[in-house]
Amino acid sequence: MIYNKADFVKHYDDLIRGREFVEYESYYENSVTRFWKAFDHIQRLDLPPSARVLDIGGGIMGVLLARIHGMQVTVGDVNRRAAEDINGFGIPFVELNLMSDTQLPQEQFDLVILQEVIGHIPHPPYIVFNRIQGFLKSGGILFLTTPNGSRFRNVLYLLAGKQVLNHFRYPEGTESLGAQHEYTLGQMTWQFERAGMQILFAKQYTCGWAGATLWAWLAHRLVAPAALIPHLRNGLMLAARKPAD
C-alpha cells in the first residue's frame, strides 16, 4: 500500500514529534517534509513483503517504516544515543562503525538506509558502500540522502568567507562528527559506480528543511527561487542496488 502525505504526517506527528533521538526536538518539528520525501521514495522501491531493513543513524525512518509498513527494522549507530527512543518502539538497536571492517552487522538486509550520514564519515564513500554490501543481501538496495555540495547556501557561505564544513578529521572513540564533506551529484554517482552498484535513481532535490531559527527561516524563503536550478538545490537523494549473485 502506498501512503499519501496526509497519512504520513499523522503518523509522523504521533511517532516522531516530541522525541530527541540524535537531535533536538525542534529539528524533527522542522523535518517533516524531508522525511516525507525520503519515505515516499522508499515505499516505492522494489522491496519484498516484510523487508528486513537497517536504518543507520537516528532511526527515525526505521520507526516510520516499521510502524506504517510493517517492515522488520533494526537501527544501528556508532554510539547508543538513540537507543532508548528506538527500543521504546520495540525496535532492536545495534552498535556499528562504518569506518571499521569488523564492527559491522552479521545479519543480511534487503534495505540499508543512510540519511544524512555519509557526509559525517571521513572515508571515501565507495569504501563505506563496499562495507555495507557485506551485510546487504544479493540484489538489496542502499538508499541515501545527503546535502548537495553545490547548494546555494554553500555558494553564499563561500562568497561571505564563512566556513562551510567542520574540520576534516577522524573521530575520537565513538564520537559523532559534524559535517566532514559534501558531494555533488556527479561525485556521488561515481562513488556508487566505483563500488560496483547499480544506480536506481540519483537526483538533486529540495529537502524542505527551513532552518531552526526565525532568521534561518527568513533566509531560506529569500533564496528559495534558487531551487529552480537543479545543481543549487540543497539535497541529494540516491538509491543503488547490490549486484545479484
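Along the sequence shown, the residues carry numbers beginning at 1.
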In chain order, what residues pass the salt bridge (charged side-chain N to carboxylate O under 4.0 Å, His left out) check against [X], with sequence neighbours excluded?
X      : answer
Arg52  : Glu107
Glu175 : Arg169
Arg194 : none
Glu182 : Arg151

A side-chain contact here means heavy atoms from C-beta on lying under 4.5 Å apart; do [X] and [Y] qualify?
X      : Y      : result
Val63  : Ile91  : yes
Asp40  : Trp36  : yes
Lys242 : Leu142 : no
Arg19  : Glu25  : no
Leu200 : Ile141 : yes
Val78  : Leu96  : no
Met188 : Ile118 : yes

Test side-chain contact (heavy atoms from CB on, under 4.5 Å) on Asn234 and Arg153; report intermediate values, then the result.
CA-CA 8 Å; Asn234 60 2; Arg153 171 260 200 192; over 6 Å; no
Contacts of Ala195 that satisfy side-chain contact (heavy atoms from CB on, under 4.5 Å) - sequence neighbours left out
Tyr126, Phe129, Asn130, Gln133, Met197
If you compare all heavy atoms of [X] against all heavy atoms of [Y], which two are closest, and at what distance to 0.1 Å?
X      : Y      : answer
Ile86  : Pro92  : CG2-O, 4.2 Å
Pro171 : Pro122 : CD-CG, 4.3 Å
Gly62  : Asp55  : N-OD2, 2.8 Å

Show, in sequence, the C-alpha distance, side-chain angles and deciding distance for Ile60 and Phe35, and conclude whether the side-chain contact (heavy atoms from CB on, under 4.5 Å) test is met.
CA-CA 8 Å; Ile60 297 86; Phe35 282 106; 3.8 Å; yes
Does [X] reach the main-chain N or O of [Y] with its side chain, forming a donor-acceptor pair under 3.5 Å?
X      : Y      : answer
Gln43  : Ala38  : no
Lys37  : Cys207 : no
Arg233 : Ala227 : yes
His181 : Gly119 : no

Mind checking who shares a hydrophobic cluster with Ile2, ILVMFWY linked at side-chain heavy-atom distances under 4.5 Å?
none
Supply the atom-to-atom distance [X] [atom1] to [Y] [atom2], rounded to the nearest 0.5 angstrom.
X      : Y      : atom1 : atom2 : value
Ser150 : Leu236 : OG    : CG    : 7.5 Å
Leu65  : Leu111 : CG    : CG    : 7.5 Å
Ile56  : Leu54  : CD1   : CG    : 4.5 Å
Thr145 : Leu114 : OG1   : CG    : 8.5 Å
Lys137 : Phe109 : NZ    : CZ    : 9.0 Å
Met237 : Lys203 : CE    : NZ    : 6.5 Å

According to the salt bridge (Lys or Arg N to Asp or Glu O under 4.0 Å) rule, which pairs have a member within residues 116-127, sequence neighbours left out?
none
Which residues pass the ring-ring contact (aromatic ring centres under 6.0 Å, His included) test with Tyr157, not counting sequence neighbours?
none
Non-neighbouring partners of Phe21 that pass ring-ring contact (aromatic ring centres under 6.0 Å, His included), sequence neighbours left out:
Tyr28
Is there any side chain to side chain donor-acceptor pair (under 3.5 Å) pair reaching into residues 71-89, and which pairs are they, with sequence neighbours excluded?
Asn79-Ser176
Within residues 6-16 or reaching into it, pairs that qualify as side chain to side chain donor-acceptor pair (under 3.5 Å) - sequence neighbours excluded:
Asp13-Arg17
Just wondering, are more than 12 heavy atoms of other shown residues or ligands nearer than 6.0 Å to CD in Glu172?
no
Those residues at least two apart in sequence (or on a different chain) that pass side-chain hydrogen bond (donor to acceptor under 3.5 Å, both in side chains) with Lys5 are none
Phe39 and Tyr3 aromatic ring geometry - parallel, tilted or perpendicular at 30°/60° bounds
perpendicular
Would you say the side-chain atoms of His231 and Gln204 include a donor-acceptor pair closer than 3.5 Å?
no
When you check the side-chain N and O atoms of Tyr170 and His123, is any donor under 3.5 Å from an acceptor?
yes
Start with the C-alpha gap between Asn148 and Leu185, add the side-chain angles, then the distance that decides, and say whether side-chain contact (heavy atoms from CB on, under 4.5 Å) holds.
CA-CA 7 Å; Asn148 179 12; Leu185 189 62; 5.8 Å; no
